[in-house]
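This report refers to the structure that appears directly beneath it.
Worth saying up front: this structure is predicted, and the values here are computed from it rather than measured. The sequence lines fix the lettering, A, B, ..., with proteins before strands; numbering per chain opens at 1.
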Amino acid sequence: MTDFKELVELARKISMTTSRNEKIELVSSFIKELPEDEVRHAVLFLLGRTLPPGDERHLDVNWRALLSVLKRMTGADNEQLFKILVQAVDIGDGFKKALEKFEPKRQSFLFEQKLTIKEVSSYYNKIASLRGAKSRKYKEDLLFSLFSLADKDEAEFLARNLTGEMRIGLHEGLMEEAIAKAFQIPARLVRRAVMLRGDISEIAVLAKRGGAKALESIRIEVFRPLKPMLATDADSIEEVLRELKRASFEFKLDGIRLQMHAKGGRIRAFTRRLSDVTQSLPDIVDQFSEIFGSREVVADGEAIAIDPEGRPLPFQFVSRRLRRKSDIARSAKEIPLRLFLFDILQIDGKMLIDEPYFRRRKLLEDLVDEEWLVPARVCESEEEASNFLKEALDRGHEGLIAKKLDSIYTPGVRGKNWFKIKPVLATLDLVIVAAERGYGRRHKWLSDYYLAARDEETGEFYVVGKTFKGLTDQEFELMTQRLKELAYYDDGHLVKVKPSIVVEVAFNEIQKSPKYESGLALRFARIVSIREDKTPEEAETIQNLRRIYEKQFLHKGKI
DNA sequence: GCTGATGCGTC
DNA sequence: GTCGGAC
DNA sequence: GTCCGACGACGCATCAGC
């Protein structure tokens, strides 16, 4: 039984170095020595996860629950804790600082207990299993008990782990290399195994138990989702064609990525992060059954919402279907989804991911009626591809995905074989009216900015979204200074400022907002420049935003 | 039974 | 999802 | 080229509190 303390110490060392090689070495020598039944949890915990993927339960514990436990332990009031947390680098640091400042109350145990890796995992299990009335309280009781067994450093680790933000500069990429190094397996092989299984903690165990041989024997299994292949951003069609010369361009649909599995008449649908959403999507299941009957198949596609004329609806509609458990039949009728396939990964036991794209696509076209396929066209000239892009946009879609014709399907990889091309939209000049202090590496700065549009009738500013993207570190530094000078309210976290600074903001879509008074919100807002030349009075108006919102429906459907 | 807070997962 | 920073 | 860490919008389910 390995002490939890050792894992905490390892995490500390990992966070101390920025060298990737050093991180890999640290993790690798640690997991090499670990008993087989602890490897899985150690890997998960280091990556900021609690339960293994595939476990349908969740802890339902996050920073609010943690705060409540912290209150119980320290006896401090909200104000005292807020003061500490606001100055902390992140929640883990805040926990540690609060426990240092106030001598914590702890649950007393009958026997002296020491936290082990397995003990923590067992607590997580119990917390995840609790449901129903008063379960929040019982979860907090368990957390109190868990934190009672932890010293300050362990508490810091736990707080980070439970919020999923370890911030030690270690994710799956380096973990794969660490596993490879620990068990002397080529990194390539580890990576491939993780892709096919979608669960790195399981691969770590397999690697320890069976080495390279065990990983080599891994195949796609129906009903076990693999990671979907991803696309790299491209600025233009020209850039893509320079890279690929000739490529297949497919419509990029704005819906949910679905990996469909079928065998013996049973059908399952998995999302991009491999959760099973079959239950919410009976219409998609029917469609897949119509397409493939009871054949054994694994296919990749996108589901979008469509109006009676077959035009795509905005993403917001699709998301209403997604995790629904109640009134499923009714909502399926209100917002019908339609599946569009673009890849096939396995059929009748034959794995296809190592076949080149053009063969997989050809096979798909032979097997499936065109109406179920994402429209695709092979282009080698910019003009041809541009026309196809225009067609996609005219039909209300997001853009194009360009695919290298002879590329294999590399699950989980965002590489140079698939590119996404989204058109650049006009930007908006908006006013910063408030800001929030950042966390982690941004904790000294005002990092998240409230963006507002002006009401041309009243002159008031209305928030239409927040963004933390687009500025360089240096610009954050300067912006923080400027905003502090404009502040008329500052509680340590939220800073409200006099409308003065105008920024040019890019976005992908304007959505209806239930949260903002303006009724509108920007999707994927990011700052592209600071408009030193503009005054707030010259900024975008809320009236114009409404017009832009309506214009989006020129190509999109409405119910 | 309703409402708001919280957590989670999609993009 | 999207961006900048760091290796 | 690749990985990592900053965090955005929504909508659903679940639970607490009235």
### Task
Could you tell me whether A:Lys13 and A:Glu25 make a salt bridge, using a distance below 4.0 angstrom between a side-chain N and a carboxylate O?
no
### Residue whose closest nucleotide on DNA chain C lies nearer the 5' end, A:Arg414 versus A:Ser19
A:Arg414
### Task
Give a yes/no on whether any side-chain N or O of A:Arg64 is located under 4.0 angstrom from OP1 or OP2 of B:dT6.
yes
### Query
Which nucleotide of DNA chain D is the first, and which the last, in the 5' to 3' direction, to come under 4.0 Å of a heavy atom belonging to chain A?
D:dG1 to D:dA16
### Query
So do A:Lys71 and A:Leu81 actually touch side chain to side chain, heavy atoms under 4.5 Å?
yes
### Query
According to a strict under-4.0 Å criterion, is A:Asn21 in side-chain N/O contact with OP1 or OP2 of C:dC7?
no
### Task
Check every strand shown and say whether A:Lys23 touches a base, only sugar-phosphate, or nothing at a heavy-atom separation below 4.0 Å.
nothing
### Task
Starting from the 5' end of DNA chain C, give me the residue, A:Arg20 or A:Arg273, whose nearest nucleotide shows up first.
A:Arg273
#### Entry: A:Glu243 vs A:Arg437, nearer the 5' end of DNA chain D by closest nucleotide
A:Glu243
### Task
Could you tell me whether the phosphate oxygens of B:dC8, OP1 or OP2, come under 4.0 Å of any side-chain nitrogen or oxygen in A:Asn62?
yes
### Task
Report yes or no: is the cationic atom of A:Lys126 (NZ for Lys, CZ for Arg) closer than 6.0 Å to the six-membered ring centre of A:Tyr123, at no more than 45° off its axis?
yes
#### Entry: Rounded C1' spacing from D:dC7 to B:dC11 in Å
14 Å
### Task
Would you indicate what A:Val61 reaches in the nucleic acid, counting non-hydrogen atoms under 4.0 angstrom: base, sugar-phosphate, or nothing?
sugar-phosphate
### Query
Across the strands shown, which category fits A:Gly415 at heavy-atom distances under 4.0 angstrom: base, sugar-phosphate, nothing?
nothing
### Of A:Arg324 and A:Lys416, the one whose closest DNA chain D nucleotide lies more 5'
A:Lys416
### Query
For A:Arg160, which contact category applies under a 4.0 Å heavy-atom criterion: base, sugar-phosphate, or nothing?
nothing
### Message
So, OP1 or OP2 of B:dT10: does either fall under 4.0 Å of a side-chain N or O from A:Thr271?
### Response
yes
### Query
For A:Ile168, which contact category applies under a 4.0 Å heavy-atom criterion: base, sugar-phosphate, or nothing?
sugar-phosphate
### Message
In terms of relative ring orientation, are A:His261 and A:Phe270 parallel, tilted or perpendicular, with 30° and 60° separating the classes?
### Response
perpendicular
### Query
Nearest-Å distance, CZ (A:Arg526) to P (B:dC11)?
17 Å
### Message
Need one value for A:Ala521: base, sugar-phosphate or nothing, where a base atom within 4.0 Å counts as base even if backbone is also close, heavy atoms only.
### Response
sugar-phosphate
### Task
May I ask you to say what A:Leu471 touches in the nucleic acid, namely base, sugar-phosphate or nothing, with a heavy-atom cut-off under 4.0 Å?
sugar-phosphate
### Query
So, A:Glu140 and A:Arg136, do they make that salt bridge, N to O below 4.0 Å?
no
### Task
Would you please name every residue forming a ring pair (Phe, Tyr, Trp, His ring centres under 6.0 Å) with A:Phe251, sequence neighbours left out?
A:Phe388, A:His397
### Task
With A:Arg320 as the cation and A:Phe317 as the aromatic partner, state whether NZ or CZ is under 6.0 Å from the six-membered ring centre and within 45° of the axis.
yes
Name every donor-acceptor pair, under 3.5 Å, that has one atom in a side chain of residues 446-453 of chain A and the other anywhere in the protein, sequence neighbours excluded.
residue, atom, partner, partner atom, Å
A:Ser447, OG, A:Arg442, NH1, 3.1
A:Tyr449, OH, A:Leu446, O, 2.5
A:Tyr450, OH, A:Glu436, OE2, 2.4

### Task
Could you please name the option among C:dG5, C:dT2, B:dC8 that lies closest to any side-chain atom of A:Lys420?
C:dT2
